[in-house]
Protein chains: 2
Amino acid sequence: MATLKDVALLAGVSVKTVSNVVNGYSFVKPENERRVREALAATGYQPNLGARNLRRGRTGFIALMVPELSIPYFGELAGGVITAAHEHDWSVLIEQTQGQRDPERTTLASLGPHMVDGAIISPEALEKDDFTRHAPGIPLVMLGEHALDVPIDHVGIDNVLAARTAVRHLIETGRRRIAVIGQNPTRGTATQRMAGYREALAEAGLPQSPELIAPANRYHHKDGAEAMAQLLTQGHVPDAVFCFNDMLAHGAVRAAAEHGYVVPRDIAIVGFDNTEHSAYSLPSLTTIAPDKTALAQTAVDLIRDRANGGAGEPKDIQIPFTLKIRESTVGAR
Amino acid sequence: MATLKDVALLAGVSVKTVSNVVNGYSFVKPENERRVREALAATGYQPNLGARNLRRGRTGFIALMVPELSIPYFGELAGGVITAAHEHDWSVLIEQTQGQRDPERTTLASLGPHMVDGAIISPEALEKDDFTRHAPGIPLVMLGEHALDVPIDHVGIDNVLAARTAVRHLIETGRRRIAVIGQNPTRGTATQRMAGYREALAEAGLPQSPELIAPANRYHHKDGAEAMAQLLTQGHVPDAVFCFNDMLAHGAVRAAAEHGYVVPRDIAIVGFDNTEHSAYSLPSLTTIAPDKTALAQTAVDLIRDRANGGAGEPKDIQIPFTLKIRESTVGAR
DNA sequence: TTGAAAGCGCTAACAG
DNA sequence: CTGTTAGCGCTTTCAA
């Protein structure tokens with residue numbers, strides 16, 4: 001691999017001059033520039049980013065920490081982050097945590113200022129303590145939850161309100177026995193969505209029935225299907241279910257069908273995330289749709305601001321969401 | 001940020017000794033080790049990976065280039081690659097190309113030996129020429145397609161055989177007018193799957209009807225739904241459809257339903273990729289299931305072998321696949 | 001305008 | 001066992 005020095009030698013000039021040409025700095029004597037360019041081409045010189053960054057004190061990378069890329073929501077989000085990051089000449093490093101505290105903490109701690117220029121983290125189980133202890137010394141932005149009282153930039157949607165909106169919709173369409181799937185005290189997301197669920201019930205004067213609250217460890221189809229099956233076989237048949245993400249919801253729809261219930265006639269189901277599939281499933285899924293593009297953009301912008309030395313209070317930015325009303329609650333088909 | 005030197009100063013030893021302790025090298029006098037460890041703790045020392053890698057001539061990163069992370073198949077695959085890479089102390093950098101030649105080429109060219117130690121690429125539209133011109137000088141492994149005759153390690157499934165298997169299954173279950181959705185001459189994947197489709201038809205002595213071949217530019221639900229709608233409204237009603245990925249298939253199922261056709265009674269549908277959703281949709285989707293974990297593992301292993309200096313002929317590794325027979329072709333429910 | 005030289009933080013010879 | 005020292009490839013004063 002050709003280095004600056006090689007090029008300089010070949011062109012018969014100093015490293016500085018070559019560096020100047022490469023970086024388009026101050027005026028270089030045309031004659032020299034020509035020779036440098038020739039040497040550059042002849043050697044096929046490619047700058048060593050590692051060395052350059054060492055010198056400049058930046059890395060050219062930002063990290064993105066998500067539970068699992070195999071969850072379509074995070075796949076979609078990650079895609080958006082990569083796109084947004086490219087606009088600031090950043091490449092994106094992705095780490096997975098399974099939404100568990102230990103991997104989240106370890107990953108956080110491993111994020112040195114020498115690896116990445118900043119990190120976007122989507123923590124589920126992290127505690128305040130983990131932050132204070134393992135602050136990686138780089139700009140950080142939290143994506144999604146904000147149950148933690150830590151002085152870090154945050155971007156997300158109003159989870160409590162979103163959950164309340166979803167449940168309210170079920171109530172407005174006449175449902176009364178509304179179950180929830182996804183309860184999980186170790187997940188920040190779950191806690192907030194539970195709160196919204198309870199608020200909506202309270203608001204409508206409906207009873208809170210513990211037997212209609214189904215926990216879920218992971219948030220895959222399987223978990224939704226199992227939770228739904230359990231509700232149905234234990235005789236706690238709801239007339240609607242609010243699921244904490246779309247995968248749980250699709251699993252629940254399937255389980256309901258397998259048990260002979262028709263969605264939405266017998267049971268209405270609403271999800272959360274509006275992943276691409278939900279507009280095409282049978283029935284299509286009513287769900288909360290966060291503006292994922294804005295989420296990704298904003299997160300990257302926040303990192304950029306801090307990386308450029310932006311100081312001041314941590315920001316907390318709310319991104320809009322909408323409720324997509326589809327067949328799983330109003331049964332158009 | 002504390003450096004080795006700071007630690008050495010504080011511990012009253014040389015940098016070398018600190019480096020030895022940090023890297024667990026040769027025996028260090030216990031007394032010194034203790035002092036070093038104290039200093040390490042006191043300063044909260046974190047090695048500067050950039051500098052270390054500069055010295056070692058490695059970067060600690062591998063790149064993964066995929067069309068879109070928002071396609072669940074690639075999300076699942078990327079998750080597997082990240083997991084496998086971690087076992088070799090690599091972090092994974094993800095780049096998206098939209099399956100288009102230009103971004104693929106640009107990304108390939110930008111992959112210097114100083115950015116990453118290797119790259120796993122899942123090219124769709126790249127041509128041989130692009131490789132010879134923009135070879136990044138790092139270990140490369142192609143994931144998925146292998147239409148190109150370039151001397152690069154490759155891991156994938158036998159696409160032609162897989163496609164043939166899928167179509168054969170349709171024929172065996174009595175289908176005769178078998179359409180295909182996803183044809184696209186610029187995509188390597190599509191070309192191979194078309195070949196398998198044709199082989200299966202020929203094998204069974206079925207006619208090849210051009211009007212049953214529906215192209216698709218992108219491979220999302222939308223594209224599948226549109227292609228299906230077009231087939232149906234133009235009067236080319238098939239009794240089965242082979243879709244080049246699961247998203248197209250789900251879109252097609254939905255469009256069929258919207259036009260009043262029942263899957264699989266009127267039209268059987270088979271997909272490709274076996275993304276998580278396909279086991280839970282209504283109807284669940286018959287699809288080709290590549291062993292994604294093996295795919296990811298093997299790709300990383302190939303990079304590792306080359307990065308460790310492994311020479312020799314480019315390898316071409318075939319990963320097994322199975323045909324998951326589900327409701328969309330045999331209608332259990 | 002260009003060259004020489006220092007140094008980013010680290011590792012690896014090479015002495016001691 | 002440990003210290004000294006020379007770079008890895010690059011950018012950046014500082015002089016010339």
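Chain naming here is simple, since letters A, B, ... match the order of the sequence lines and numbering starts at 1 in each.
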Next on the checklist: Return whichever of V13(B) or N23(A) has its heavy-atom-nearest nucleotide of DNA chain D closer to the 5' end.
Outcome noted: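 It is V13(B) whose nearest nucleotide is closer to the 5' end.
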Checklist entry - How about E31(A): does its CD atom have over 12 heavy atoms from other parts shown lying under 6.0 Å from it? => result yes
Next on the checklist: Ring centres under 6.0 Å, that's the criterion: do F61(A) and F61(B) meet it?
Outcome noted: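 Ring centroids of F61(A) and F61(B) are less than 6.0 Å from each other.
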Could you tell me how far apart [X] ([atom1]) and [N] ([atom2]) are, to the nearest whole angstrom?
X      : N       : atom1 : atom2 : answer
N32(B) : dC1(D)  : CG    : C1'   : 9 Å
N20(A) : dT1(C)  : CG    : P     : 11 Å
L4(A)  : dG7(D)  : CG    : P     : 18 Å
L40(B) : dC10(C) : CG    : P     : 11 Å

Checklist entry - Which residues within residues 43-58 of chain A lie with some heavy atom under 4.0 Å of an atom in DNA chain C? => result L54(A), R55(A)
Checklist outcome for this item: Sorted by chain and residue number, the ring pair (Phe, Tyr, Trp, His ring centres under 6.0 Å) partners of F131(A) (sequence neighbours excluded) come out as none
Checklist entry - Tell me the side-chain hydrogen bond (donor to acceptor under 3.5 Å, both in side chains) pairs involving residues 42-54 of chain A, sequence neighbours left out? => result N48(A)-H114(B)
Checklist entry - Under 4.5 Å between any side-chain heavy atoms of D117(B) and I303(B), yes or no? => result no
Next on the checklist: With rounding to the nearest 0.5 angstrom, report the CG to OG1 distance, N159(B) to T191(B).
Outcome noted: 10.0 Å
Next on the checklist: Would you say S14(A) places a side-chain N or O within less than 4.0 Å of OP1 or OP2 belonging to dT2(C)?
Outcome noted: no
Next on the checklist: Could you work out, with salt bridge (charged side-chain N to carboxylate O under 4.0 Å, His left out) as the rule, every residue matching K128(B), not counting sequence neighbours?
Outcome noted: D149(B)
Item to check | Helical bend (five base pairs per end, nearest 10°) for the helix from dT1(C)-dA16(D) to dG16(C)-dC1(D) | outcome: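 About 40°, once rounded to a multiple of 10°.
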Item to check | Shortest non-hydrogen contact from T83(B) toward Q96(A) | outcome: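 That closest heavy-atom pairing would be OG1-NE2, 3.6 Å.
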Item to check | Non-hydrogen atoms of S70(A) and H220(A) that approach each other most closely | outcome: OG-CE1, 3.9 Å
Checklist entry - Side-chain donor-acceptor pair under 3.5 Å between E124(A) and T189(A), yes or no? => result yes
Checklist entry - Quick one: do the E95(B) and H86(A) side chains pair a donor with an acceptor below 3.5 Å? => result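 The criterion, which ignores hydrogens and geometry beyond distance, is satisfied for H86(A) and E95(B).
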Checklist entry - What nucleotide among dG3(D), dT11(D), dT11(C) has an atom nearest to a side-chain atom of T17(B)? => result dG3(D)
Every protein N/O lying under 3.5 Å from an N/O of nucleotides 14-16 of chain D:
none

